[in-house]
Colleague: 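Following this message is one structure expressed as C-alpha cells.
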Amino acid sequence: MRIGELARRSGVSERSLRYYEQQGLLRAERTPGGHREYGDWAVDRVVRIQALYAAGLNSKKIAQLLPCMRDVDGGPNEYATRRLVSELMAERDRIDRLIAELALSRGVLNEVIDAAGSPLDTEDG
C-alpha cells in the first residue's frame, strides 16, 4: 500500500509516517518511480508506535523496542536484551508514578465537584 493508504488505515498523517521512517521506526520499499510501498504489517506497526509515544517513550527508545516486538500480536521476540528490559522497567515505573499522580488529581477534582454540588442545582452553573 502507498503512504496515503497507510495514513488512512492507521489514522496517522503522511507527515508523521515520513517522520517515523526518518527515525528508523518504519520502513518502506520504493517503487521504480520512487513511491513508498508498505506491507499490511505496517498498519499494526504504526498503531504500536502511536501507543508507545502515548506511553511517553521517545523515538530513540521506541526504535530500540520495536525490534523486540512482533508486529502481528505485539508480543516479545528473541531480540530483547537485559539492558533494554531494565530500561523498560524504569519507563514502566515512571508511567506508574504518573498514573498515581493523575489518580490523586482526579480524586481532588472529585472532592471539589462533590463539595460544590451539582451544577444544575445552582443559578451560576
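Remember, it's a predicted structure, so these values are computed and weren't measured experimentally. Heavy atoms only: backbone and side chains are in, while hydrogens, waters and symmetry mates are out.
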Colleague: Kindly compute the distance separating CD (Glu37) from OG1 (Thr31), expressed to the nearest 0.5 Å.
Modeller: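 If we round to the nearest 0.5 Å, Glu37:CD and Thr31:OG1 are 6.0 Å apart.
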Colleague: State the CD-OG distance between Gln64 and Ser59, to the nearest 0.5 angstrom.
Modeller: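 Taking CD in Gln64 and OG in Ser59, the distance rounds to 10.5 Å.
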Colleague: Taking atom CZ of Arg92 and atom CD1 of Ile99, what is their separation to the nearest 0.5 Å?
Modeller: 11.0 Å
Colleague: Return the minimal non-hydrogen interatomic distance between Arg94 and Ala55, and the atom names on each side.
Modeller: NH2-O, 3.0 Å
Colleague: So, taking the atom named CZ in Arg45 and the one named CG in Leu25, what distance separates them when rounded to the nearest 0.5 Å?
Modeller: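 Answer rounded to 0.5 Å: 8.0 Å.
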Colleague: Show your reasoning for whether side chain to side chain contact (heavy atoms under 4.5 Å, CB included) applies to Val12 and Ile49.
Modeller: CA-CA 10 Å; Val12 174; Ile49 292 167; over 6 Å; no
Colleague: If every non-hydrogen atom of Ser13 is compared with every non-hydrogen atom of Ala7, which pair is closest and at what distance?
Modeller: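 Where Ser13 meets Ala7 most closely, the heavy atoms are C-CB, 4.2 Å.
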Colleague: May I ask you to check if Arg48 and Trp41 form a cation-pi contact, with NZ or CZ under 6.0 angstrom from the six-membered ring centre and within 45° of the axis?
Modeller: no
Colleague: Minimum heavy-atom separation for Arg2 and Tyr38, please, with both atom names.
Modeller: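 Looking at all heavy atoms of both residues, the closest pair is C-CD1, 4.3 Å.
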Colleague: Give a yes or no on this: more than 12 heavy atoms of other residues, nucleotides or ligands lie within 6.0 Å of atom CG of Asp40.
Modeller: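 Atom CG in Asp40 is not crowded, with 12 or fewer foreign heavy atoms closer than 6.0 Å.
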Colleague: Closest heavy-atom contact between Val46 and Tyr20?
Modeller: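 So the two residues come closest at CG1-CE1, 4.2 Å.
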Colleague: At what distance, to the nearest 0.5 angstrom, does CG of Leu52 lie from CD of Glu91?
Modeller: 10.0 Å
Colleague: Sequence neighbours excluded, which residues qualify as ring pair (Phe, Tyr, Trp, His ring centres under 6.0 Å) partners of Tyr19?
Modeller: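 Residues passing ring pair (Phe, Tyr, Trp, His ring centres under 6.0 Å) with Tyr19: none at all.
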Colleague: Tell me if the CZ atom of Arg30 is crowded by more than 12 foreign heavy atoms within 6.0 Å.
Modeller: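 Enclosed: over 12 neighbouring heavy atoms sit under 6.0 Å from CZ of Arg30.
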Colleague: Is there any salt bridge (Lys or Arg N to Asp or Glu O under 4.0 Å) pair reaching into residues 95-112, and which pairs are they, with sequence neighbours excluded?
Modeller: none
Colleague: Closest heavy-atom contact between Gln23 and Ala63?
Modeller: O-CB, 4.3 Å
Colleague: With a 4.5 Å cut-off on side-chain heavy-atom distances among I, L, V, M, F, W and Y, is there a chain of contacts connecting Val47 to Leu57?
Modeller: no
Colleague: Is the closest basic N to carboxylate O distance between Arg18 and Glu21 below 4.0 Å?
Modeller: no
Colleague: From Ile95 CD1 over to Leu88 CG, what is the distance, rounded to the nearest 0.5 angstrom?
Modeller: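 So the gap between those two atoms works out to 9.5 Å.
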Colleague: Would you name the heavy atoms of Met1 and Val43 that are closest together and state the gap between them?
Modeller: CE-CG2, 4.0 Å
